[in-house]
Amino acid sequence: MFMRNNIITFAGLLLLVLTGLSSCEKMVIEEDDNGGQPAVESNANLILKIVADETRGDISDYWKTLNFVVYQGDKKVKAVTQKAGESDYGKVGMTLAQGTYQVMVLAHSSANPTLSNPEKVKFTNDDGFSDTFTGYNASVEVGDQPKTYEIRLTRATSMLRFKTKDVKPARVTRLWFQYRGGSGAVNVLTGYGVDASIQTVVVDVPDSLTGKSLTFDFYTFLREDEGTLSLTVKAFDKGGSLLFFPGMDEKEYAREFNDIKMKRNEITEYSGNFFEGVPADDARPDSTASSFTIIADTAWAGITHYDF
């Protein structure tokens, strides 16, 4: 995740709970089975390499985690997880029995998702929901001689960028966001979200951002090419008490934003006054505030601006 100016970075700041799962359903996180072995085995007969369009810079600067998973029919045969900074990042070599397999690759900066079913990959978001790319090959032939397959990655996420045009007051130390309408699970075969989820994000806002406008990026998987999100925002002081600002519900001390239009693989930028309407010291248009930085992939398909 790459942000500029006063965009809040998620790493170390947010506690995110994915509550879209039914109450009787338990998330099972499946660990990789590479057991600390080298990513490229010495006698590998299957070598997988990721490919991203218009790659710029080091992929380890963009994705913290890569999951390589091999299936045969309904069975998960092997899974290897790589972390940014490891040798051969973006390339794995496996030794498999001869046959036909299916391969899935995930590129993200979240906690490891479920890996048993490529048609329903669920993220727990313990490390923050992130920009996610996926790749899939339905027919990989493995023989007695090494063979290399390139897996092309494409973006599966859409982004809601929430921006305040006014500045953060000193008494605000935490913001609570909940967005609905997207999905926390993706079908890697189609690139679409699977089921409706409620995603909750709590962000601690440091004192260093007092007097500055704020920007937050939220990711989700849309279930269709176009959709809408609903967003609820609350503000808290240091003692954990809710704060009231104009536009909030007087009973809930929350502000609701409904029917935010979203498109698959695009950014929707949603901006306006949220706090007390005090503009930033430098009220000139920020030439970088509505831009986005892509380090190792194609640019977002588009960006749409709305004011609230």
Side-chain angles (χ1 to χ4, degrees), residues 1-2 30 32-35 37-110 112-121 123 130-157 186-192 219 221 264-265 293-301:
M1 182 180 311
F2 294 90
E30 298 155 58
D32 63 88
D33 57 5
N34 57 322
Q37 298 299 313
V40 181
E41 298 174 5
S42 58
N43 297 318
N45 58 353
L46 173 62
I47 299 171
L48 304 173
K49 297 172 62 178
I50 65 169
V51 178
D53 293 336
E54 297 183 13
T55 301
R56 303 166 187 164
D58 191 336
I59 62 171
S60 63
D61 292 335
Y62 196 73
W63 301 304
K64 294 180 181 179
T65 302
L66 298 174
N67 300 110
F68 296 83
V69 191
V70 177
Y71 305 90
Q72 194 167 47
D74 295 333
K75 181 182 178 182
K76 185 183 74 171
V77 176
K78 191 174 183 67
V80 175
T81 294
Q82 289 184 327
K83 296 295 184 180
E86 294 180 3
S87 61
D88 294 313
Y89 190 65
K91 177 182 178 181
V92 299
M94 305 175 182
T95 304
L96 300 173
Q98 296 184 37
T100 302
Y101 298 86
Q102 299 77 48
V103 172
M104 174 182 78
V105 180
L106 305 173
H108 58 92
S109 298
S110 305
N112 270 351
T114 59
L115 301 175
S116 60
N117 182 3
E119 296 186 36
K120 195 171 186 179
V121 175
F123 287 84
S130 68
D131 198 9
T132 302
F133 284 63
T134 65
Y136 187 79
N137 189 324
S139 181
V140 170
E141 298 294 333
V142 176
D144 57 354
Q145 296 298 315
K147 189 171 184 179
T148 299
Y149 284 86
E150 292 184 340
I151 307 298
R152 184 166 297 278
L153 301 181
T154 58
R155 176 178 275 117
T157 41
V186 61
N187 182 338
V188 174
L189 278 65
T190 65
Y192 289 92
Y219 296 93
F221 302 111
R264 187 166 175 257
N265 305 148
T293 303
I294 300 300
I295 300 301
D297 66 277
T298 57
W300 288 85

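We number each residue from 1, following the sequence as shown.
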Is a side-chain N or O of [X] found less than 3.5 angstrom from the main chain of [Y], in a donor-acceptor match?
| X | Y | result |
| --- | --- | --- |
| Q82 | N67 | no |
| N137 | V103 | no |
| R264 | G191 | yes |
| N45 | G143 | yes |

Within the 3.5 Å criterion, strictly below it, is a donor on [X] or [Y] matched to an acceptor on the partner's side chain?
| X | Y | value |
| --- | --- | --- |
| S130 | S110 | yes |
| T95 | N43 | no |
| K120 | T114 | no |

Is the shortest side-chain heavy-atom distance between [X] and [Y] below 4.5 Å?
| X | Y | value |
| --- | --- | --- |
| F68 | I50 | yes |
| V140 | Q102 | no |
| V92 | M94 | yes |
| F133 | T157 | no |
| L106 | L115 | yes |
| V77 | L96 | yes |
| I151 | V51 | no |
| P118 | M104 | yes |

For [X] and [Y], which heavy atoms make the closest approach, and how far apart are they?
| X | Y | value |
| --- | --- | --- |
| G85 | S60 | N-CB, 4.2 Å |
| L153 | A107 | CD1-CB, 3.8 Å |
| R155 | N265 | O-ND2, 3.0 Å |

From [X] [atom1] over to [Y] [atom2], what is the distance, rounded to the nearest 0.5 angstrom?
| X | Y | atom1 | atom2 | value |
| --- | --- | --- | --- | --- |
| N117 | L189 | CG | CG | 8.5 Å |
| K91 | E86 | NZ | CD | 15.0 Å |
| K64 | L66 | NZ | CG | 13.0 Å |
| T190 | E119 | OG1 | CD | 8.0 Å |

Within residues 83-108 or reaching into it, pairs that qualify as ring pair (Phe, Tyr, Trp, His ring centres under 6.0 Å) - sequence neighbours excluded: H108-F123
Contacts of type side-chain hydrogen bond (donor to acceptor under 3.5 Å, both in side chains), residue E141, not counting sequence neighbours: T100
Which residues share a side-chain hydrogen bond (donor to acceptor under 3.5 Å, both in side chains) with K147, sequence neighbours left out: Y149
Candidate pair V69 and K78, rule side-chain contact (heavy atoms from CB on, under 4.5 Å), full reasoning: CA-CA 6 Å; V69 191; K78 191 174 183 67; over 6 Å; no
Residue pair K49, T148: steps toward the side-chain contact (heavy atoms from CB on, under 4.5 Å) verdict: CA-CA 7 Å; K49 297 172 62 178; T148 299; 3.8 Å; yes
Working for side-chain contact (heavy atoms from CB on, under 4.5 Å), residues T81 and T65: CA-CA 7 Å; T81 294; T65 302; 3.8 Å; yes
Trace of the side chain to side chain donor-acceptor pair (under 3.5 Å) decision for D131 with Y62: CA-CA 9 Å; D131 198 9; Y62 196 73; 2.4 Å; yes
Qualifying residues under side chain to side chain contact (heavy atoms under 4.5 Å, CB included), relative to A156, sequence neighbours excluded: T134, V186, F221
